[in-house]
Visitor: 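Sharing a structure with you now.
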Protein chains: 2
Amino acid sequence: MQEFLAHGYAATSMDRVARAAGVSKATIYSHFKDKADLFAAIMQQLAEHKFATVFDPRDRTALQGDPRATIRTLALKMCAQAECDTRFCEFMRLTIGESGRFPELAQPYVENVAKPFIAALTDYLADQNLFKDPEVAARTLMGAMVYFVTLQEILHGKDSLPLAAERMVEGLVDLILPPSRA
Amino acid sequence: MQEFLAHGYAATSMDRVARAAGVSKATIYSHFKDKADLFAAIMQQLAEHKFATVFDPRDRTALQGDPRATIRTLALKMCAQAECDTRFCEFMRLTIGESGRFPELAQPYVENVAKPFIAALTDYLADQNLFKDPEVAARTLMGAMVYFVTLQEILHGKDSLPLAAERMVEGLVDLILPPSRA
DNA sequence: GTCTATACATCGATAGAC
DNA sequence: GTCTATCGATGTATAGAC
């Protein structure tokens, strides 16, 4: 996993994977059909386990109560994770970067991360009865934060396009959930 | 260019690049220091020339007049380009996918695409006097559309998370620029 | 400037011993 | 099950002729 996250799929050699894992190449090939099979298994595991830190879709308590406070907390948590967890950024780079040649590899992210997140957020926003189209509102919230993190952290835009996470989050909450409507 | 877009950086061999270009490898190495140098030059060119199709920051006429109609047109143009221009998607995959190992490669996108786009949109939205924080509004608009395109086209989420582009755009305009405020 | 030919390393994957 | 040893192919980069 650390080899693929550090060097990408094509630039990762099975020799280095074996050395990092402390086994021989033949041992790896006895467990996985080929390099692509190992890669898919690793990405699947990452999508299932790594993302529970920012948002566990089974944890319904994360999405209840005052919408402004709830969204603010959720958005700030996303920023904090992207800033700290470098593996998170590498996983996103890898998922997007290889999604052309490994379409089946994008699926774990879509199914295990994006889909449950959007669904839970849509349900929550629908309950607030503030939006004509709650799914579009959910996607807008998620998109604004994902693109913010992508630009600042993943694409190293922090220096060129500085914007404090707190201002982005506060401005987003004011934009989508103006105090007058809530 | 077509080789890097099709196979990514690491999986592209200089042999294939030379064959596709109709020259010998030695000729390429006489023009570029190494593979990374060639790659950087190609990505720079793509960032400068390819993106003028969806939005030319020098074209001020694209951002004027009724905000709802302007944003709607702009957002629909982004969707249309992502759906048709497969090279656009591959360029985004490559930029994000290699942004960890080639930090200098993300810069052409940030400087030539994201920064002028956000700046122009921020200025336009500021003129409308509808937003407390126009830059956050601009980033939210851009982020919502970029993430929508990323999920549907780049990560092949169309089947699993279907949502018509027209509904996303219309809902986004209603959310950010409600008819009552405009 | 552009070519052919090649140096030298490393690749993914497997055969066969233990 | 795990190992060592090795296959054939392919990788980047360059030397030297034209």
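Treat the numbers as computed from the prediction; the structure is a model and nothing was measured. Order of the sequence lines sets the chain letters (A, B, ...), proteins ahead of strands, with each chain counted from 1.
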Visitor: Compare side-chain N and O positions of H31(B) against OP1 and OP2 of dG1(C) and report whether any pair is under 4.0 Å apart.
Guide: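 Negative; the distance criterion is not met.
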Visitor: Let me know the distance between CD1 of I28(A) and P of dT14(C), rounded to the nearest Å.
Guide: 13 Å
Visitor: To the closest 0.5 Å, what do you measure between CG (L163(B)) and CZ (R139(A))?
Guide: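 L163(B) CG to R139(A) CZ: 4.5 Å, rounded to 0.5 Å.
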Visitor: Let me know the distance between CZ of R19(A) and P of dC3(D), rounded to the nearest Å.
Guide: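 Taking atom P of dC3(D) as the reference, CZ of R19(A) is at 14 Å.
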Visitor: Taking C-beta and beyond as the side chain, do V136(B) and D174(A) meet within less than 4.5 Å on heavy atoms?
Guide: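 Side chain of V136(B) against side chain of D174(A), heavy atoms only: no contact under 4.5 Å found.
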Visitor: What class does the angle between the rings of F39(A) and Y9(A) fall in, given that below 30° is parallel, 30 to 60° is tilted and above 60° is perpendicular?
Guide: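 Correct class here is tilted.
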Visitor: Checking contacts here: which listed nucleotide (dC3(C), dG12(C), dT14(C)) is nearest the side-chain heavy atoms of K35(A)?
Guide: dG12(C)
Visitor: Could you go through S30(B) and T27(B), starting from their C-alpha distance and side-chain angles, then the distance that decides it, and tell me whether this counts as side chain to side chain donor-acceptor pair (under 3.5 Å)?
Guide: CA-CA 5 Å; S30(B) 76; T27(B) 300; 5.5 Å; no
Visitor: Nearest to the Y29(B) side chain among dG11(D), dT12(D), dT2(C), which nucleotide is it?
Guide: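 The listed nucleotide nearest to Y29(B)'s side chain is dT12(D).
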Visitor: To the nearest angstrom, how far is M14(B) atom CE from dT10(C) atom P?
Guide: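 Distance, rounded to whole Å: 19 Å.
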Visitor: If you look at every strand shown and take non-hydrogen atoms under 4.0 Å, does D15(B) touch a base, only sugar-phosphate, or nothing?
Guide: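 Base contact.
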Visitor: Please check if any side-chain donor atom of Q64(A) sits under 3.5 Å from a side-chain acceptor atom of T70(A), or the reverse.
Guide: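 The answer is no; no qualifying pair exists.
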Visitor: Between dT2(D), dT4(C), dT14(C), which nucleotide has the shortest distance from any of its atoms to the side chain of A26(A)?
Guide: dT14(C)
Visitor: How many Å lie between NE2 on H7(A) and P on dC11(C), as a whole number?
Guide: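 In whole Å, dC11(C) P and H7(A) NE2 are 11 Å from each other.
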Visitor: Rounded to whole angstrom units, what separation is found between the CD atom of E3(A) and the C1' atom of dG12(C)?
Guide: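 Value for this atom pair: 16 Å.
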Visitor: Check whether any side-chain N or O of S13(B) sits under 4.0 Å from OP1 or OP2 of dG11(D), and answer yes or no.
Guide: yes
Visitor: Nearest whole Å is fine: how far is dA13(D) P from L38(B) CG?
Guide: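 Distance check: L38(B) CG to dA13(D) P gives 10 Å.
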Visitor: Return the value, rounded to whole Å, for the distance between atom CZ of R16(A) and atom C1' of dG11(D).
Guide: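 These atoms are roughly 13 Å apart.
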Visitor: If I take atom CG in residue D37(A) and atom P in nucleotide dG12(C), what distance separates them, rounded to the nearest angstrom?
Guide: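 It works out to 15 Å between those atoms.
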Visitor: Reckon S24(B) has a side-chain N or O less than 4.0 Å from the OP1 or OP2 of dT4(C)?
Guide: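 S24(B) to dT4(C) OP1/OP2: no side-chain N or O under 4.0 Å.
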Visitor: Map A36(A) and K25(B) onto DNA chain C by nearest heavy atom, then report which one ends up closer to the 5' terminus.
Guide: K25(B)
